[in-house]
Amino acid sequence: MRDLLIILDSVRYDRFMEAYAPELKRLGKVHKAYSHGTWTRPSVVSILSGYLPQSEIGQLYKPSWIMLDKVMFHNREVPAYFLNANAWMHGMAPSNYVEKWYPKPYSAGKMIYDAKRIMESHSEFFIAMLLVETHGPYDYKPSKRDPKVQKLFKDYNNGEDNEAPLVAAERQREAISYLSLLLEPLLSIPDRVIVTSDHGDLMGEKHRIGHDPTFPFHPKLLEVPLIVSER
């Protein structure tokens, strides 16, 4: 078993389809899937327990295998790693994972480097990566960090009509494109690559930007991409 699971934080299905991300999209068909929650913690805990977002392809894993005290696949113990940059998930993975925690912003490059090292040092592995560059305000590299954007989103959520939905959509598409290119060196190593998201984001629906669990429900919060590639 040599599986890589890439979780792009907060990426909704339609934004992924609009984004220029050839490195990820060439892996296979992009399915519209439905997450198990509208915010990170319930969704990622479900994914790490073997329940990928629901889709037409069903579940790839027997969910019980990854909830055991050791990660077992076809009666073999498999080393499992959770590479995580989201504070809400720090320390929340099932105990059978080795968590590598990335508290500093813009950690995707370091995470990808570490994932490659793990792959090269193990004959079998299950690696889950939770990348946060696609999480609002989508400032996926230092040059994109802009307090004006955060204020724009805050004002919109407080009832002001402005261009926040358009800005949010464009910035998430840019973040998806950025990560797609950055991830390319990893994609040919595993036997199977899975790409998905933990939940979507509101980008104007219900006059909200983001996915605060106190926001009103909308289906866009559950619609996420799912790609499964096997060599």
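Only heavy atoms go into these numbers, but all of them, side chains included; no hydrogens, no water, no symmetry mates. Keep in mind the model is a prediction, meaning the values are calculated, not measured.
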Visitor: Of all the heavy-atom pairs spanning G37 and S43, show the shortest one and how long it is.
Guide: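 So the two residues come closest at O-OG, 3.1 Å.
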Visitor: So that I can tick it off, tell me whether K141 and E174 are bridged by a salt bridge, with the cut-off set at under 4.0 angstrom between side-chain N and carboxylate O.
Guide: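 K141 and E174: not salt-bridged.
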Visitor: Quick check: do L5 and T196 have side-chain heavy atoms less than 4.5 Å from each other?
Guide: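 Yes - at least one pair of side-chain heavy atoms lies under 4.5 Å apart.
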Visitor: Are the side chains of I6 and L8 in touch, meaning some heavy atoms are under 4.5 Å apart?
Guide: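 Of all side-chain heavy-atom pairs linking L8 with I6, at least one is under 4.5 Å.
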Visitor: Nearest 0.5 Å, please: how far is CG in L48 from CE in M92?
Guide: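 Reported value, rounded in 0.5 Å steps: 10.5 Å.
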Visitor: Would you say the ring centers of H199 and H36 fall short of 6.0 Å from each other?
Guide: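 When the ring centroids of H199 and H36 are compared, they turn out to be at least 6.0 Å apart.
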Visitor: To check you understand the geometry: which heavy-atom pair defines the closest contact between I47 and S197, and what is its length?
Guide: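 Here I47 and S197 meet closest at CD1-O, 4.1 Å.
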Visitor: Can you give me the closest heavy-atom contact between V44 and F82, atom names plus distance?
Guide: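 The pair with the smallest heavy-atom distance is CG1-CZ, 4.1 Å.
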Visitor: Among residues at least two apart in sequence or on other chains, which ones pass salt bridge (Lys or Arg N to Asp or Glu O under 4.0 Å) with E23?
Guide: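 If we apply the salt bridge (Lys or Arg N to Asp or Glu O under 4.0 Å) test to E23, skipping adjacent residues, there are no hits.
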Visitor: Using a 3.5 Å distance criterion without hydrogens, assess whether the side chain of Y13 forms a donor-acceptor pair with backbone atoms of H31.
Guide: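 Looks like no, no N/O pair under 3.5 Å.
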Visitor: Report yes if the side chains of K206 and K220 come closer than 4.5 Å at any heavy-atom pair, otherwise no.
Guide: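 Heavy-atom side-chain distance check fails, nothing below 4.5 Å.
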Visitor: Where do H211 and H135 land on the side chain to side chain contact (heavy atoms under 4.5 Å, CB included) test, with the steps shown first?
Guide: CA-CA 10 Å; H211 57 275; H135 186 290; 3.2 Å; yes
Visitor: When clusters are formed by joining ILVMFWY residues with side-chain heavy atoms under 4.5 Å apart, either directly or through shared neighbours, do M129 and I176 land in the same one?
Guide: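 Shared cluster, yes.
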Visitor: Could you grab the distance from atom CG of L182 to atom CE of M111, nearest 0.5 Å is fine?
Guide: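 The CE atom of M111 is 10.5 Å from CG of L182, to the nearest 0.5 Å.
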Visitor: Is the count of non-hydrogen atoms from other residues, nucleotides or ligands lying under 6.0 Å from F217 atom CZ greater than 12?
Guide: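 Atom CZ in F217 is crowded, with more than 12 foreign heavy atoms closer than 6.0 Å.
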Visitor: Checking E18 side chain against A169 main chain: does a donor-acceptor pair fall under 3.5 Å?
Guide: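 No, the answer is negative, given that no donor and acceptor are paired below the 3.5 Å cut-off.
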Visitor: What distance separates S229 OG from R192 CZ, expressed to the nearest 0.5 Å?
Guide: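 The CZ atom of R192 is 10.0 Å from OG of S229, to the nearest 0.5 Å.
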Visitor: Can you name the closest pair of heavy atoms from D201 and G210 and give their distance?
Guide: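 That closest heavy-atom pairing would be OD1-C, 3.4 Å.
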Visitor: Pair L226, V30 - check side chain to side chain contact (heavy atoms under 4.5 Å, CB included), show working.
Guide: CA-CA 6 Å; L226 176 64; V30 185; over 6 Å; no
Visitor: State whether F125 and R2 meet the cation-pi test: NZ (Lys) or CZ (Arg) under 6.0 Å from the six-membered ring centroid, and within 45° of the perpendicular axis.
Guide: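 Pair R2/F125 does not count as cation-pi.
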Visitor: Tell me whether the NZ or CZ atom of K25 lies within the 45° cone about the ring axis of F16 and under 6.0 Å from its centre.
Guide: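 Positive - K25 is close enough to the ring of F16 and near enough to its axis.
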Visitor: How long is the straight-line distance from CG of L221 back to CZ of R208, given to the nearest 0.5 Å?
Guide: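 Between R208 CZ and L221 CG, I get 11.5 Å after rounding to 0.5 Å.
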Visitor: Would you say P225 and V195 make side-chain contact, with heavy atoms under 4.5 Å?
Guide: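 Heavy-atom side-chain distance check fails, nothing below 4.5 Å.
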Visitor: How are the rings of W88 and W39 set relative to one another: parallel (under 30°), tilted (30 to 60°) or perpendicular (over 60°)?
Guide: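 It falls in the perpendicular class, over 60°.
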Visitor: Quick one: does D198's side chain have a donor or acceptor within less than 3.5 Å of a partner on S10's backbone?
Guide: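 Yes, the answer is positive, given that a donor and an acceptor are paired below the 3.5 Å cut-off.
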Visitor: Would you give the length of the straight line joining atom NZ of K154 to atom NZ of K151, rounded to the nearest 0.5 angstrom?
Guide: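 One finds 8.5 Å between NZ of K154 and NZ of K151.
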Visitor: May I ask you to check whether F126 and Y61 place their ring centers less than 6.0 Å from one another?
Guide: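 They qualify: ring centres under 6.0 Å apart.
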Visitor: I'd like to know whether M119 forms a side chain to side chain contact (heavy atoms under 4.5 Å, CB included) with L4, so could you lay out the CA-CA distance, the side-chain angles of the two residues, the decisive distance to 0.1 Å, and finally the verdict.
Guide: CA-CA 9 Å; M119 292 178 189; L4 172 64; 3.8 Å; yes
Visitor: Between N162 and L152, is there a donor-acceptor pair closer than 3.5 Å when you use the side chain of the first and the backbone of the second?
Guide: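 Side chain of N162 to backbone of L152: a pair is present.
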Visitor: Is it the case that the side chain of Q54 and the backbone of Y34 share a donor-acceptor pair, with hydrogens and angles ignored and the cut-off at 3.5 Å?
Guide: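 Answer holds: no.
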Visitor: If you apply the rule ring-ring contact (aromatic ring centres under 6.0 Å, His included), what do you find for H90 with Y102, and how did you get there?
Guide: CA-CA 9 Å; H90 183 36; Y102 301 81; over 10 Å; no
Visitor: Hey, is K144 close enough to D139 for a salt bridge, meaning N to O under 4.0 Å?
Guide: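 No.
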Visitor: Under the side-chain hydrogen bond (donor to acceptor under 3.5 Å, both in side chains) test, which residues partner E170, sequence neighbours left out?
Guide: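 Once residues adjacent in sequence are excluded, the partners of E170 under the side-chain hydrogen bond (donor to acceptor under 3.5 Å, both in side chains) criterion are R173.
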Visitor: According to a hydrophobic-cluster definition based on side-chain heavy atoms being under 4.5 Å apart (Ile, Leu, Val, Met, Phe, Trp, Tyr only), do W101 and Y81 belong together?
Guide: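 Unlinked, W101 and Y81 end up in two clusters.
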Visitor: What is the distance from atom CD1 of I227 to atom CD1 of I57, rounded to the nearest 0.5 Å?
Guide: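 Here the interatomic distance stands at 10.5 Å.
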Visitor: On a heavy-atom basis, which atom in K116 and which in I189 lie closest, and how many Å separate them?
Guide: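 Reported closest heavy-atom pair: CG-CD1, 4.1 Å.
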Visitor: Is any side-chain heavy atom of R15 closer than 4.5 Å to a side-chain heavy atom of M203?
Guide: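 Sidechains of M203 and R15: in contact.
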Visitor: Is there a path of hydrophobic side-chain contacts, each under 4.5 Å between heavy atoms, that joins L83 and L183?
Guide: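 Linked, L83 and L183 end up in one cluster.
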Visitor: Got L60 and V228 here, is their nearest side-chain heavy-atom distance under 4.5 Å?
Guide: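 With C-beta onward as the side chain, the pair touches.
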Visitor: Quick check: is F215 connected to I209 through a chain of hydrophobic side chains (ILVMFWY, heavy atoms under 4.5 Å apart)?
Guide: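 Looking at the clustering, F215 is in a separate group from I209.
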Visitor: Output yes when a side-chain donor or acceptor of S177 lies under 3.5 Å from a complementary backbone atom of Y20, and no otherwise.
Guide: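 Present.
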Visitor: Would you indicate whether the side-chain heavy atoms of Y156 and H207 approach each other to under 4.5 Å?
Guide: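 Touching, per the 4.5 Å side-chain cut-off.
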Visitor: Report yes or no: do Y140 and V149 belong to one cluster of Ile/Leu/Val/Met/Phe/Trp/Tyr joined by side chain heavy-atom distances under 4.5 Å?
Guide: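 No, Y140 and V149 fall in different hydrophobic clusters.
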Visitor: Under 3.5 Å, side chain of E133 to main-chain N/O of S107, donor-acceptor pair present?
Guide: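 It does hold such a pair.
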Visitor: With a 4.5 Å heavy-atom cut-off, do L131 and D9 have their side chains touching?
Guide: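 Contact flag for L131/D9 side chains = no.
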Visitor: Which heavy-atom pair separates E99 from N84 by the least distance, and what is that distance?
Guide: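 Looks like OE2-ND2, 3.1 Å.
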Visitor: How far apart are the C-alpha atoms of V167 and F153, what are their side-chain angles, what is the distance that settles it, and do they pass the side chain to side chain contact (heavy atoms under 4.5 Å, CB included) test?
Guide: CA-CA 9 Å; V167 173; F153 293 176; 4.1 Å; yes
Visitor: With a 4.0 Å cut-off on N to O distance, would you call D146 and K148 a salt bridge?
Guide: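 Result for this pair is no, no salt bridge flagged.
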Visitor: Would you confirm whether S46, through its side chain, and P42, through its main-chain N or O, come within 3.5 Å as a donor-acceptor pair?
Guide: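 Indeed, once roles are kept as given, a pair shorter than 3.5 Å links the two residues.
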Visitor: Strictly distance-based, threshold 3.5 Å: is any side-chain N or O of R26 a donor or acceptor partner for the main-chain N or O of A21?
Guide: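 Such a contact is absent between R26 side chain and A21 backbone.
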